[in-house]
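Here the structure comes first, spelled out in C-alpha cells, and everything after it is commentary.
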Amino acid sequence: ATALAGPGITFDPQPSEGKISLVAAHDGLLKVDVEVLTQFNLVEGLMCASHHTNVPVRKGDVVAGTRAIPLVIQREIVAEGVSLAAKSGGVFKVSKLSRPRTALIVTGQEVYDGLIPDRFVPAIKPKLEAYHCPIERIVFAPDDADFIARSIHMLVTSGVELIVTTGGLSVDPDDVTRVGVMRAGATDILYGAAVLPGAMVLVARVGSVPIIGIPACGMYHGNTIFDLLLPRILAGEQISRRDLAVLGHGGLCLNCPT
C-alpha cells in the first residue's frame, strides 16, 4: 500500500478483511497510472482494484483496495509488486482542484435579441458552483465572431482565469463561436471529442486562460463532455488531442439516473 499510494492518498496500515483500502486524503481529482496498475496486477498472487482514473473524489473516499490473493505468499512476490509500484512514484494520487475566476459567454442571436430565453446558464452555472468556481461575469453575444473575440479579450484583461462558451459550435453558417475564439488569438485549439453527448466540444487557451466551448447538448443532457473535462482543467491539466480520443472508450453516455 505504501508503494501504491502517491500524493493525496492515505490508508490505515491495519488490514481489514484481508485487504488495505487506499483513501483520498483531500478533495480532488483521482489520477491512476493505469499501465503500472496493470503490470502490478500481472504479478501472480497480488491484486489492486480501483476507481476509474480522472474521477472527482472527496476526502475520505475509498479509491482502491489491495491484498495478497492467497492466504500464504512468498515475500519475493510481494517485493516484485512493490518495486513496480514504487518506480512510478505511486500508482494513485489525488490532484487538488483550483477555483478559477470564471466567466460565461452565451452565444446565439435569438438569445441576444431576447427572442428566446437562455437555457445554457441554468444548466452550466450549477456545475461550476459545485466546484466552487466564482462566476465573475456572464456575457451574451450575438452570432458575430468579432464580438465574441472582443468579449474574450475583455474578460482575459479583467483577470478572468477560465472562460466557458456555450453554443455556436455546430455546422450552420451562423455558428461562429469557434471563429471568434480563433480571432481572439487562441492557441492549442482542439475541436471535437469521441464522446456522446459532446462530440462538438471546443478546448483552447488564450494566454494562460483555458476556454471550454460547450455545444448545444449542454442544454438538454444532464451529463456531457463538460463534466469529463471541467475537473481535469481545474486540476491544471492541458488537454491534448490524445486525451480527447482516449475518452471514446467509455465515452457513450447511457443517460443513467445517477
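Remember, it's a predicted structure, so these values are computed and weren't measured experimentally. The first residue of the sequence shown is numbered 1, and numbering continues consecutively from there. Below, each value reflects all heavy atoms present in this structure, side chains not excepted, and no hydrogens, waters or symmetry copies.
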Chi angles and distances behind the salt bridge (Lys or Arg N to Asp or Glu O under 4.0 Å) call for Lys59, Asp27:
CA-CA 5 Å; Lys59 179 180 179 179; Asp27 295 357; over 6 Å; no

Could you tell me whether His26 atom NE2 has more than 12 heavy atoms of other residues or ligands within 6.0 Å of it?
yes

With distance as the sole test, does Ser98 use its side chain to make a donor-acceptor pair with the main-chain N or O of Leu234 at under 3.5 Å?
yes

Heavy-atom side-chain proximity of Val106 to Val139 below 4.5 angstrom:
no

For Leu29, the option from Lys93, Lys96, Glu237 that meets side chain to side chain contact (heavy atoms under 4.5 Å, CB included)
Glu237

Pick out which of Leu230, Leu247, Val203 makes a side chain to side chain contact (heavy atoms under 4.5 Å, CB included) with Ile225.
Leu247

Would you say Leu104 and Val121 make side-chain contact, with heavy atoms under 4.5 Å?
yes

May I ask you to test the Val209-Leu162 pair for a side-chain heavy-atom distance under 4.5 Å?
no

Backbone N or O of Ala64 within a donor-acceptor pair of the Ser50 side chain at under 3.5 Å?
no

Does any N or O in the side chain of Asn41 come within less than 3.5 Å of the main-chain N or O of Thr38, such that one atom is a donor and the other an acceptor?
no

Looking only at atom types and distance, does a side-chain atom of Asp12 sit under 3.5 Å from a main-chain N or O of Gln14, one as donor and one as acceptor?
yes

Cluster overlap Met219 with Ile135, hydrophobic side-chain contacts below 4.5 Å
yes

Looking just at side-chain N and O atoms, do Thr177 and Thr107 make a donor-acceptor pair shorter than 3.5 Å?
yes

Evaluate the side chain to side chain donor-acceptor pair (under 3.5 Å) criterion for residues Ser240 and Asp243: first the C-alpha distance (whole Å), next the side-chain angles of each, then the deciding distance (0.1 Å), finally the verdict.
CA-CA 5 Å; Ser240 69; Asp243 290 329; 3.1 Å; yes

Flag, side chain of Asp33 to backbone of Gly90, donor-acceptor distance under 3.5 Å
no

Any donor-acceptor pair under 3.5 Å linking the side chain of Asp113 with the backbone of Glu110?
no

Heavy atoms from other residues, nucleotides or ligands near CZ of Arg205 exceed 12 (cutoff 6.0 Å)
yes

Spell out, yes or no, whether Val55 and Val62 are grouped together once hydrophobic residues are joined by side-chain heavy atoms under 4.5 Å, including indirect joins.
no

For the atom pair NZ (Lys125) and OG1 (Thr102), what is the distance rounded to the nearest 0.5 Å?
12.0 Å

If you count the non-hydrogen atoms of other residues, nucleotides and ligands that lie under 6.0 Å from CZ in Arg67, is the total more than 12?
yes

Closer than 3.5 angstrom, by distance alone: can the side chain of Asp143 be matched with the main-chain N or O of Gln109 as a donor-acceptor pair?
yes

Test your reading of the model: is there a side-chain donor-acceptor pair from Tyr191 to the backbone of Leu169, 3.5 Å cut-off?
yes

Please walk me through it: do Glu161 and Arg101 pass salt bridge (Lys or Arg N to Asp or Glu O under 4.0 Å)?
CA-CA 5 Å; Glu161 299 164 307; Arg101 298 170 60 192; 5.2 Å; no

Contact between Leu46 and Ile69 at the side-chain level, heavy atoms closer than 4.5 Å - yes or no?
no

Quick one: does Ser88's side chain have a donor or acceptor within less than 3.5 Å of a partner on Ala86's backbone?
no

More than 12 non-hydrogen atoms from neighbouring residues, nucleotides or ligands closer than 6.0 Å to CE on Met182, yes or no?
no

Checking Arg58 side chain against Ala24 main chain: does a donor-acceptor pair fall under 3.5 Å?
no

